[in-house]
**Q** 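One structure, pasted below without further comment.
Residue numbers count from 1 along this sequence.
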Amino acid sequence: MKFRVDRDVLADAVTWTARTLPQRPAVPVLAGVRLTTEGSIVVLSSFDYETSARSTIEAQVDEDGEVLVSGRLLADICKALPAKPVDVVLDGPKVRIQCGSSKFSLLTMPLDDYPALPAVPPVVGTIDSADFSQAVSQVAVAASRDDTLPLLTTINCEINGDTLTMLATDRYRLAQRDIKWNPSEGSLQVGALVRSKMLTDMTKSLSGGGEVKISLSTESGSAAILAMEQGGRRMTSQLTDGDYPQVRRLFPENTSIHAVVDRVELQSALKRVSLVAERNTAVRLTLEPGQLTLEAGQGEDAQAREDVPLHLDGEPIVTAFNPHYLLDGLNAIDDPYVKMSFNHPSKPAVLTGQEEPGAGEDTSYRYLLMPIRYGI
């Protein structure tokens, strides 16, 4: 194998492909990135039996070949090279890299021990990469980080025609996002459980603009695979088996108390007040006509209080929330105002976005948050 390529092109491709490599691979070869030349194309790939990444770049190829080398070491070397063309040559058991006066040699890894990349399932549709990345980030905030509850560490993706619905919960909050996409078949109905961290990484890495192709396999008797592809880059992830909890029913059909507040004002006040809230303690919210009062701290400890203008429709209410969970919901909403809907202080609140007080709410994103007891 022998090829020449621009330093920036190679460094970008190697860094992207190596980003999913495991920190502690089960077997040494899984820490490698495979380079394969195909005509005037160099294919870089990585795989750890659960997640794969594949990118292609154009290069001046003099000799075809295939090699496996340490992915992270190759990425570090490529990023450190001067801004000149890079020559990569397979020389016996080593790969020699030369860029200007910089020269490196890397020991190759055994290709025979490296697993074949998973087969890519059929394309089921496309979606705008930036919109998809934003939608995933809005839902992922509510996914659990507790690996002892694997189902709750996933995002439940439900496809129903041209609507993609994503849900995530950690038992204390629930996020739901509906987004339009372009299915290959208008009547497509399918579900998939994708690990939240992996889906977030996949969408972030492919959010450079334009359409993302989504491929999905849920064939009986085989490991279900999700694949995303854009601009010569493709990632796959094995899906999680199981039945996601029926969490949609947690959203109340009707609510009797509605409070609308400037989202940025509430965010800023909540950040200040929560400074005195000890770990796992709540911030109390008192909602009255014209005013929302936030309070934290009690007894002889540090205390804080701040008032924020409020538009209230319904009876006054006093409730309390984990300030970090509440901030996550506020950060996920894009609209200038946030609408908080309640039925009772001990029942969950539903947060949605709103352009202005009195305008219709944006229900494409809903964030449900359980209240917690506030000690007196």
Side-chain angles (χ1 to χ4, degrees), residues 20 50-53 118-147 149-171 173-207 211-220 222-230 233-251 328-329 332 363-368:
T20 60
E50 291 188 353
T51 306
S52 75
V120 179
V123 175
V124 294
T126 62
I127 191 170
D128 181 82
S129 60
D131 291 344
F132 191 32
S133 179
Q134 180 194 37
V136 170
S137 67
Q138 289 178 306
V139 175
V141 296
S144 175
R145 276 77 169 169
D146 185 357
D147 291 332
L149 301 169
L151 279 180
L152 299 189
T153 64
T154 67
I155 292 178
N156 181 28
C157 300
E158 299 177 353
I159 296 173
N160 187 2
D162 65 349
T163 300
L164 169 60
T165 299
M166 292 177 285
L167 300 109
T169 183
D170 60 3
R171 298 179 298 171
R173 59 238 176 107
L174 166 63
Q176 176 179 327
R177 177 72 159 90
D178 297 322
I179 186 172
K180 294 296 182 180
W181 77 309
N182 308 303
S184 301
E185 298 180 11
S187 60
L188 181 66
Q189 291 188 335
V190 67
L193 297 179
V194 193
R195 285 175 296 158
S196 173
K197 184 180 183 303
M198 183 49 55
L199 186 58
T200 300
D201 289 344
M202 291 173 74
T203 53
K204 282 183 177 179
S205 68
L206 297 174
S207 61
E211 297 285 303
V212 173
K213 295 180 182 179
I214 297 180
S215 303
L216 188 63
S217 170
T218 55
E219 297 179 2
S220 177
S222 63
I225 295 291
L226 169 74
M228 296 173 57
E229 184 172 357
Q230 179 192 45
R233 293 179 173 178
R234 183 178 70 217
M235 294 185 70
T236 69
S237 178
Q238 188 173 3
L239 302 180
T240 300
D241 292 327
D243 296 321
Y244 201 75
Q246 299 298 315
V247 294
R248 286 176 184 256
R249 58 183 175 81
L250 296 177
F251 286 107
D328 284 342
T363 57
S364 64
Y365 179 69
R366 296 189 291 171
Y367 184 84
L368 181 145

**Q** Under the criterion side chain to side chain contact (heavy atoms under 4.5 Å, CB included), which of V212, I159, T163 is the partner of W181?
**A** I159

**Q** Rounded to the nearest 0.5 Å, how far does CG of D146 lie from CG of L152?
**A** 8.5 Å

**Q** Quick check: do S196 and T153 have side-chain heavy atoms less than 4.5 Å from each other?
**A** no

**Q** Which atom pair, heavy atoms only, marks the closest approach of P121 to I225?
**A** CG-O, 3.7 Å

**Q** With rounding to the nearest 0.5 angstrom, report the OG1 to CD distance, T203 to Q230.
**A** 11.0 Å

**Q** Compare every heavy atom of D178 with every heavy atom of T363, then report the nearest pair and how far apart it is.
**A** O-OD2, 4.5 Å

**Q** Show, in sequence, the C-alpha distance, side-chain angles and deciding distance for M198 and L226, and conclude whether the side chain to side chain contact (heavy atoms under 4.5 Å, CB included) test is met.
**A** CA-CA 11 Å; M198 183 49 55; L226 169 74; over 6 Å; no

**Q** Can you tell if the side chain of E158 reaches within under 4.5 Å of the side chain of L167, non-hydrogen atoms only?
**A** yes

**Q** How long is the gap from OG1 on T154 to CE on M166, to the nearest 0.5 Å?
**A** 12.5 Å

**Q** Can you see which heavy atom on A175 is nearest to which on Y365, and at what distance?
**A** CB-OH, 3.9 Å

**Q** Which value, rounded to the nearest 0.5 Å, describes the distance between N182 atom CG and T126 atom OG1?
**A** 4.0 Å

**Q** Please tell me if the side chains of T236 and S215 come closer than 4.5 Å, counting only heavy atoms from C-beta onward.
**A** no

**Q** Show every side-chain hydrogen bond (donor to acceptor under 3.5 Å, both in side chains) that has at least one partner inside residues 183-194, sequence neighbours left out.
**A** N160-Q189

**Q** Begin from the C-alpha positions of F132 and M228 and carry the test side chain to side chain contact (heavy atoms under 4.5 Å, CB included) through to its verdict.
**A** CA-CA 11 Å; F132 191 32; M228 296 173 57; 3.6 Å; yes

**Q** Measuring from atom CE of M235 to atom CG of D201, what distance do you get when rounded to the nearest 0.5 angstrom?
**A** 6.5 Å

**Q** Among residues at least two apart in sequence or on other chains, which ones pass salt bridge (Lys or Arg N to Asp or Glu O under 4.0 Å) with D131?
**A** none

**Q** Taking the side chain as C-beta and beyond, is there a heavy-atom pair between T240 and V194 under 4.5 Å?
**A** no

**Q** Apply side chain to side chain contact (heavy atoms under 4.5 Å, CB included) to T51 and Q238, showing your working.
**A** CA-CA 6 Å; T51 306; Q238 188 173 3; over 6 Å; no

**Q** Looking at S133 and A130, would you say the former's side chain and the latter's main chain have a donor-acceptor pair under 3.5 Å?
**A** no

**Q** Between Q138, Q176, R173, which is the residue that forms a side-chain hydrogen bond (donor to acceptor under 3.5 Å, both in side chains) with Y367?
**A** R173

**Q** Is there side-chain contact between C157 and L216, with heavy atoms separated by less than 4.5 Å?
**A** no

**Q** Kindly indicate, with the supporting measurements, whether the criterion side chain to side chain contact (heavy atoms under 4.5 Å, CB included) is fulfilled by E50 and R195.
**A** CA-CA 11 Å; E50 291 188 353; R195 285 175 296 158; 3.1 Å; yes

**Q** Which residue in the set E229, M202, K213 passes side chain to side chain contact (heavy atoms under 4.5 Å, CB included) when paired with R234?
**A** E229

**Q** Taking side chain to side chain contact (heavy atoms under 4.5 Å, CB included) as the criterion, tell me which of D328, T200, D170 meets it with V141.
**A** D328

**Q** Between the main-chain N or O of A143 and the side-chain N or O of R145, is there a donor-acceptor pair closer than 3.5 Å?
**A** yes

**Q** I127 and I214: which non-hydrogen atoms are nearest, and at how many Å?
**A** CG2-CD1, 3.7 Å

**Q** As an exercise, state the distance from NZ of K180 to CG of D128, rounded to the nearest 0.5 Å.
**A** 15.5 Å

